Structure formats: C-alpha cells, structure tokens
Amino acid sequence: IDCKFFSREALRKVACMMSQNGLRILFLMGMLAFAVAEEEEKASDVSVGMAATLLGTVMFQMTMYYFLNHKDKDMRKHSYEVVVSTISIFCAVLLFQSVNDIFEDKFLKGRSPSTQIMFDFCHMLIWYATTQLSLAYISGAIGKKPTNLEEMECNMKCFAVLLAHITGFASINAFASVQQLGFFKQSPLHAFLVVPLAVIFQFSLQRITDTLRTKFALADGDMDEFEQGWDEETEEAENDVMGLVVSFTTVQAIRFAVNGTLPNTEGALPPEVLFSATGSQVFMLVGFGMLFLALLAVLVGSEKSEQEIEGENEADAESDELKDRLLETAAVVAIMGFAWCLFFSSRMFLAGYPDLQENMVLNLTIALSISFVSFACIRLLDIAQDADWSGEKVDSVIEKIIVAFGILVGFAWEQTFDTAVASLASRTSAPGEMKLVLAFFCVILIVPAWRYYMLPMVVQKGWMYGFVIQGHEHLHELAEGHKQLEEEEEKMKEEKAKKRQATNRASIQANMNQPLLKA
C-alpha cells in the first residue's frame with residue numbers, strides 16, 4: 001500500500017476496525033512508520049558533510065592502528081612515515097594559507113598582478129630565510145651548543161620538514177602566480193616556461209645559502225657534528241622546496257594541456273571543467289604520473305651504490321657533490337610530480353559523480369580512496385622489496401615509490417582539512433581572521449604531539465619495537481620491568497594452581513561425603 005494516499009486519521013480508524021484481530025498493533029505501527037518516512041526531508045549538505053567527515057576520519061584512524069602495529073616491521077616504518085608526512089604537509093599548508101590570505105585580503109586587494117607577485121616572492125624569501133636561521137639556531141651553529149644530540153636531531157627534523165613545506169608552498173604560490181600572467185596563460189607551452197625559471201631561481205638560492213653555510217661553519221677551521229647536521233638538514237629542506245615548486249608548476253602545465261584550462265594558483269579547476277572531465281583526460285594524467293615514476297627509476301638507477309661511494313677518494317667525492325645533489329633534487333621532483341598527477345586525476349574522476357560534487361564530501365572521499373589504495377600499494381611494494389629477486393637498485397626504487405605514495409596521502413588529507421577549516425571560518429563575520437585563529441589552534445595542538453610522539457618513531461627508529469629506546473638507562477629499565485612482569489606472572493600462576501588444588505580437594509571431599517549424606 002502506498003501510504004501517501006492515507007491520512008493518519010484514516011489509518012487510526014482502520015486499526016480500530018481491526019481491534020478484534022491480533023494484527024492491530026503491528027498494522028498500525030507499520031503504516032505510521034511508512035507515513036512518517038514519506039514526510040521526512042533529506043539531510044542538508046552541512047549534515048552530509050559532517051557525517052562524512054565523522055565516519056571517514058574514524059575509519060581512517062582505526063585503519064591506521066592495523067598498519068602502525070603490523071607484524072612486519074617495514075610496514076610499521078612506512079606507516080609512521082606516511083603519518084609524519086601527512087601531518088607536516090597539513091600543518092604547513094594550513095599555516096601558510098591562513099597567513100597569506102590575511103595579507104592578500106588586507107593589503108593586496110585591488111592591487112596590480114605585478115604588485116601581488118612581488119609580495120608573493122618577498123613572502124617566499126622570508127620563509128626561506130626563516131628556515132635557514134631556525135635550523136642554524138637549533139643545531140647550535142648559532143648560539144649555544146645543544147647537550148643532547150638525539151634531541152637536537154629530532155628538533156632539526158621537526159622544523160626542517162615543517163619549514164621546508166611552508167617555504168615550498170610559498171614558492172608554489174609565487175611561481176603559480178607568474179603562470180597566471182597573460183603571456184604564460186596563452187598555451188601549455190607558455191605555461192611550461194615558468195618551470196625553468198623556477199629551477200634557475202631555486203638553484204641560485206641553493207648555491208648562495210650553501211656557500212654561506214660552508215664559510216660560516218669553517219670560520220673556526222673545523223666543521224663539527226652539529227654544523228654538519230645543520231648543513232645536511234638544510235640541504236634536504238632546500239631540495240624539498242625545489243621539488244615542490246618545480247613539480248607543481250610542471251603538473252600545472254600538463255593539466256593545461258590535458259583539460260584545456262590553466263588551473264588557479266591552488267591547482268583548482270573551474271567547476272564546469274572539473275565536473276565535465278572525461279575518462280580519457282583522467283587516464284592521460286595518470287599516464288603522466290607513470291612517466292614521473294619511470295623518470296624516478298632512471299634517476300635512482302644512476303645513483304652510486306654504497307660500495308662505489310666508499311671506494312671514492314676525497315677529491316672525487318667533492319667534485320661529485322653537486323651532481324649527486326642535483327640527482328637527489330630531480331628524484332624529489334619526480335616523486336612529487338607522481339603524487340600531484342595521481343591526486344588531481346583522482347579528483348577529476350570522483351568529481352564526475354553528482355553525489356560527490358559537494359566540496360567537503362568530494363575532498364573526504366578523495367582522501368579516503370587515496371589512503372586505502374595507497375596503503376594497499378605500499379603493502380604490495382613492501383612484499384616485493386622483501387623478496388629475494390629484488391636487488392639493491394630495485395629496493396631503492398621501491399623505497400622511493402613508497403615515499404611518493406606517502407606524499408600522495410599527505411596531499412589528499414591536506415585538502416580535506418583545509419576545506420574543513422575554510423568551511424567553519426566561512427560562517428563567521430571575519431572568515432580570514434577566523435581561519436588564521438583555527439590554523440594556529442590546530443598547529444599549537446598538533447605539532448607538539450607530532451614532534452614528541454610521532455616523529456621519534458621515524459627519526460629514532462621507534463617503529464622497530466613500537467617505542468623509542470632512549471639510552472642505556474632506558475634499556476636497564478625495560479629489562480627490570482620485563483623481569484618484574486615475569487615474576488608477577490609466576491606468582492599469578494602459583495596462586496591459580498593453589499586455588500585449583502583447593503577446589504579439587506573440596507570436590508573430592510564432597511564426593512566422599514555424598515553416600516553418608518544419602519544414608
């Protein structure tokens with residue numbers, strides 16, 4: 001029966017007529033339920049977004065427990081690396097975007113494009129200098145020398161990764177703004193011309209800062225372990241910055257060629273272009289991602305093995321230092337290019353479904369889909385890496401591909417969190433200021449937990465045992481604790497044995513007394 005033809009009063013009368021029948025209550029409840037269901041409205045977009053966020057984050061969090069506690073120690077290692085990368089990318093982008101939006105809204109609104117680009121480059125250089133000085137101070141190259149080398153390494157890694165990502169996205173904002181100028185928007189080829197400009201600019205900065213660091217470290221005639229750590233972490237941070245900006249601008253030009261429209265500075269396409277993307281466009285972008293992987297395999301294959309590095313003399317090592325760094329930077333570009341291509345192709349594919357076109361739901365669906373697929377691929381790659389047929393070069397390529405999947409997961413979740421913060425801020429009277437407040441709140445809450453409880457699991461290899469071993473005293477405490485647990489377990493076994501014996505004696509006595517009781 002279609003209950004929309006019956007009113008509630010009619011249903012009540014029908015039920016009363018069936019009062020002599022045992023089906024009265026069942027019939028009444030069923031009809032009223034159908035009638036109420038007809039009158040219910042669909043959930044609002046806000047409710048759907050909140051529900052999707054709640055279910056998605058809980059699913060992802062609980063799934064992570066399986067991987068972080070996997071029986072394979074390599075899977076634990078890769079899982080912690082993915083989490084560390086995701087949190088650093090999320091915090092870096094959230095902080096940079098919030099600060100940048102405030103400045104653009106307050107000082108750059110209505111200004112000419114050239115003025116905005118000049119500001120973007122100044123903003124990038126400020127973060128670049130902040131990265132150099134912060135790492136110098138933390139390492140002890142400037143100021144007081146740290147007393148604990150392990151703590152210094154964790155602090156260096158924390159701020160190196162975080163500031164490198166902030167500087168990298170500031171660089172992306174600067175050079176992507178250049179791509180939006182009229183000359184570079186003419187065609188994909190014109191847009192691609194920004195890529196060599198970014199390479200020259202970033203390479204020049206690297207040479208300048210590397211020279212300054214070397215002169216400063218050798219001012220006293222010797223480079224100690226703290227200054228060596230400063231130089232290594234800073235070089236790695238600079239490589240990440242260059243990898244981010246070069247890979248993003250390259251993929252922007254590729255997407256211009258694939259979709260026929262140049263995305264904006266944040267990589268977003270107009271809705272009409274995004275929602276009408278074809279399957280061939282999605283596959284073309286995935287194909288470019290595979291080309292980045294092929295380039296990565298070639299670059300890793302051309303790197304020197306550990307035996308070749310050990311056999312070099314000091315003069316050859318110094319002459320090949322620049323070449324090795326360029327190879328490392330090119331590998332970072334290939335890794336991030338692969339991640340960008342797969343992220344944007346996933347976005348185009350899922351945006352084709354009408355039910356997923358609400359921004360929050362779309363971003364969360366992308367993040368969940370990419371996360372599950374990436375962890376499945378990481379598991380398969382880990383199995384291949386553990387196999388006997390894979391040699392040293394193949395294992396190195398697999399390791400880099402796993403890093404690429406980790407960065408892909410970070411890109412996906414960063415978009416989701418950024419959309420969530422922007423959605424909350426949009427309902428206030430001052431969206432820019434509220435987004436900045438929310439960003440600082442998230443960073444203050446998340447970064448300390450990330451530094452003290454997640455990062456050491458990677459830097460100090462806590463993934464091997466599920467906890468970080470901090471010196472010989474900690475080992476002694478662990479041994480004493482293990483001994484104490486064994487003693488407690490032994491006491492519990494003895495107590496259980498005594499109780500079992502007492503129970504058996506009571507049962508035997510009861511069986512012996514039963515004939516007497518019957519008599």
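Quick caveat, the model's predicted, so the values are computed rather than measured.
- How far CZ of F184 is from NE2 of H190: 9.0 Å, rounded to the nearest 0.5 Å.
- In terms of modelled atom types and a separation under 3.5 Å, the side chain of Q179 and the main chain of A191 share a donor-acceptor contact.
- The side-chain contact (heavy atoms from CB on, under 4.5 Å) with W450 is formed by just one residue from the set V83, T86, V84, L445; it is V84.
- More than 12 heavy atoms of other shown residues, nucleotides or ligands fall within 6.0 angstrom of atom CZ in R207.
- Annotation: F96, atom CZ; neighbour count of heavy atoms from other residues, nucleotides and ligands within 6.0 Å is above 12.
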side-chain hydrogen bond (donor to acceptor under 3.5 Å, both in side chains) between Q202 and Q206, worked out: CA-CA 6 Å; Q202 292 292 332; Q206 287 185 0; 5.6 Å; no
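- For the residue pair Q132 and R213, a side-chain donor N or O sits within less than 3.5 Å of a side-chain acceptor on the partner.
- Below 30°, between 30° and 60°, or above 60°: for H123 and F119 the angle between ring planes is between 30° and 60°, a tilted geometry.
- To the nearest 0.5 angstrom, T249 atom OG1 is 8.0 Å from Q252 atom CD.
- E238 and T209 form a side-chain donor-acceptor contact under 3.5 Å, judged by distance and modelled atom types alone.
- Ring-plane geometry between F121 and F175 is classed as perpendicular, the angle between the planes exceeding 60 degrees on a 0 to 90 degree scale with a lower cut at 30.
- Judged by the 6.0 Å and 45° rule, R76 forms no cation-pi pair with F67.
- From M242, atom CE reaches atom OG of S247 across 11.0 Å, with rounding to the nearest 0.5 Å.
- Between the side chains of N239 and R325, at least one donor-acceptor pair of N or O atoms lies under 3.5 Å.
- Between atom CH2 of residue W463 and atom CD of residue E81 there is a gap of 8.5 Å, rounded to the nearest 0.5 Å.
- For residues 365-378, every residue pair satisfying the side chain to side chain donor-acceptor pair (under 3.5 Å) rule, not counting sequence neighbours, is listed here: S371-W413.
- Between the side chains of D120 and Q116, no donor-acceptor pair of N or O atoms lies under 3.5 Å.
- Under 3.5 Å, the side chains of S177 and T265 contain no donor-acceptor pair of N or O atoms.
- Heavy atoms from other residues, nucleotides or ligands lying under 6.0 Å from CZ of F201 number more than 12.
- Across N264 and A268, no two heavy atoms sit closer than the pair OD1-N, 2.8 Å.
- Here the side chain of Q415 pairs no donor or acceptor atom with the backbone of N363 at under 3.5 angstrom.
- Under 3.5 Å, the side chains of T115 and S112 contain a donor-acceptor pair of N or O atoms.
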